[in-house]
Amino acid sequence: MFGILRKKLSKAIESISEKFKKKEEVSKKVETKKEEIEKIIEKIEEKKPEEIVEEIKPIQEIPEAKKEVEKIIEEAKPEIERAKLKERKGLLKKITEKIVKKIKEKKLSEEEIEPILKELETGLIESDVAFVVAEKIKNDLKNSLVGKEIKRGREREAAIEALRQSLLDILSVPKIDLEEIIKKKKSENRPAVFIFFGINGVGKSLNLSKVAKLLKDKGYRPIMAAGDTFRAAGSTQLEEYGEMIKVPVISHQKGGDSCAVIFDAIKAAEARGYDVVLADSSGRMHTKKDLLDELAKIVRVNKPDLKILVLDSLSGGDVLLQYEFFNKAIGTDAVLFAKVDINEKGGNILSICYSFKVPIIFLGTGQKPEDLVEYDPKKFVEKLIGS
Ligand SMILES: Nc1nc2c(ncn2[C@@H]2O[C@H](COP(=O)(O)OP(=O)(O)O)[C@@H](O)[C@H]2O)c(=O)[nH]1
Ligand SMILES: [Mg+2]
């Protein structure tokens with residue numbers, strides 16, 4: 001599950017941690033050569049700036065430091081050239097101090113971390129994370145790691161913690177408590193009505209049945225409505241699931257009115273004391289206007305307590321378009337992400353959370369009735385970056 005995304009995140013963590021460790025090493029090396037460097041600089045007051053870099057041999061031996069030294073001297077060049085001979089010594093001393101201080105620093109600069117973040121960004125986009133979300137993660141890491149002093153031995157944790165915070169921020173969406181809705185309706189002597197919608201094949205019928213089983217196992221009395229009257233096998237499939245989990249199914253014949261099936265299921269629930277109606281719907285291509293008219297009618301007539309959009313996590317970036325499309329048409333109260341068990345990327349879950357801040361209620365994790373987990377941002381993050 002999420003293998004590709006996990007690998008990309010883990011690579012970034014390792015690279016950042018390595019970079020910190022390298023800084024520590026360089027800083028230690030410079031410390032041992034500090035006096036040597038100072039002595040040499042004392043003697044080179046007569047030299048031209050470009051010769052200075054050549055002279056500071058101990059620095060040359062530390063390749064990571066060499067670049068920094070060249071940069072500092074390059075910047076100081078005009079000042080050194082302008083200085084009178086007797087002022088040079090003091091000036092060079094100042095520059096030496098600056099050099100030593102700079103390369104002894106264990107903090108990462110933006111320039112140093114940028115290549116790692118760039119690679120992470122590409123990796124995230126390859127894992128179905130939308131561009132804006134990848135940018136956010138990149139900026140979060142930059143803000144929490146650039147210029148921060150990290151204790152020795154804590155490099156890896158520092159990188160993990162920064163990433164954890166960013167992911168948690170993205171994945172923390174509002175929560176919805178299904179049981180609370182059912183209980184509230186029950187107190188009004190009415191069944192709660194949850195409608196599941198989304199395009200064909202995303203996993204509406206199977207995951208609706210999983211939710212029915214979960215609620216039944218918690219002691220509620222669910223009933224299902226075979227609202228997919230468009231497909232020939234729509235009702236039979238739900239009836240089969242119903243038999244498997246021992247939950248009744250209300251269905252009409254193929255070609256019937258989806259809205260009427262759900263209406264009947266609500267009436268049946270009221271008459272027979274069921275406390276929650278889980279209504280399926282058909283999912284013809286989402287570009288067809290008749291599907292939207294049908295859904296709008298279902299909503300208008302049956303007034304569901306919860307409109308649950310089912311998204312197939314394998315659909316990549318298309319889930320964002322599907323969300324926008326359905327949300328504009330009938331509104332979305334919550335999302336169920338199916339097929340995460342066979343998804344190696346998973347980045348589109350981050351995209352939906354970040355872009356719409358919509359509650360995610362469940363993740364579909366397989367083809368069996370019990371393969372459903374409640375969405376928990378913390379657990380999700382641990383799945384992505386935990387060991
Ligand atoms: N591995 C896996 N397969 C799933 C999951 N959810 C649905 N499926 C499969 O996806 C296919 C379509 O599911 P279905 O419920 O019929 O989709 P619908 O057309 O939206 O009602 C079926 O073969 C399901 O078994 C899931 O969470 N994991
Ligand atoms: Mg179906």
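Order of appearance sets the numbers: ligands from 1, and atoms from 1 within every ligand. Numbers here are sequence positions counted from 1.
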Per-atom contacts of ligand 1 with S205, taking only distances under 4.0 Å to non-hydrogen atoms: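 Close to S205: 15 (O), 21 (O).
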Proximal ligand 1 atoms for T365, defined as those under 4.0 Å from one of its heavy atoms: 27 (O)
N, O or S from N200 under 2.8 Å to the Mg ion (ligand 2):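 N200 does not place any N, O or S atom closer than 2.8 Å to the Mg ion (ligand 2).
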Nearest-option assignment for atom 7 (C) of ligand 1, heavy atoms, candidates D341, L206, L363, I342: L206
Any G366 heavy atom less than 4.0 Å to ligand 1: yes
G198 near ligand 1 by a heavy-atom separation under 4.0 Å: no
Nearest protein heavy atom with distance in Å, relative to atom 12 (C) of ligand 1: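 That would be G201 O, 3.5 Å.
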For atom 3 (N) of ligand 1, the protein heavy atom that lies nearest, with its residue and separation: Q367 CG, 3.3 Å
Distance flag, aromatic centroids of F356 and Y323, threshold under 6.0 Å: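 So the answer is yes for these two rings.
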Near-ring test F2/F380, centroid separation under 6.0 angstrom: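 Yes, they do, as the ring centres are separated by less than 6.0 Å.
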K210 contact mode with ligand 1 (heavy-atom cut-off under 4.0 Å): side chain
Lys/Arg cation over aromatic F20: K22, 6.0 Å, 45° cone: no
Looking only at distance, does [X] have an N or O less than 3.5 Å from an N or O of ligand 1?
| X | value |
| --- | --- |
| G203 | yes |
| D371 | no |
| K339 | yes |

K19 and L108, any side-chain heavy atoms less than 4.5 Å apart: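 Counting from C-beta outward, L108 and K19 do come under 4.5 Å.
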Residue that, paired with E374, satisfies salt bridge (Lys or Arg N to Asp or Glu O under 4.0 Å) out of K175, K379, K218: K218
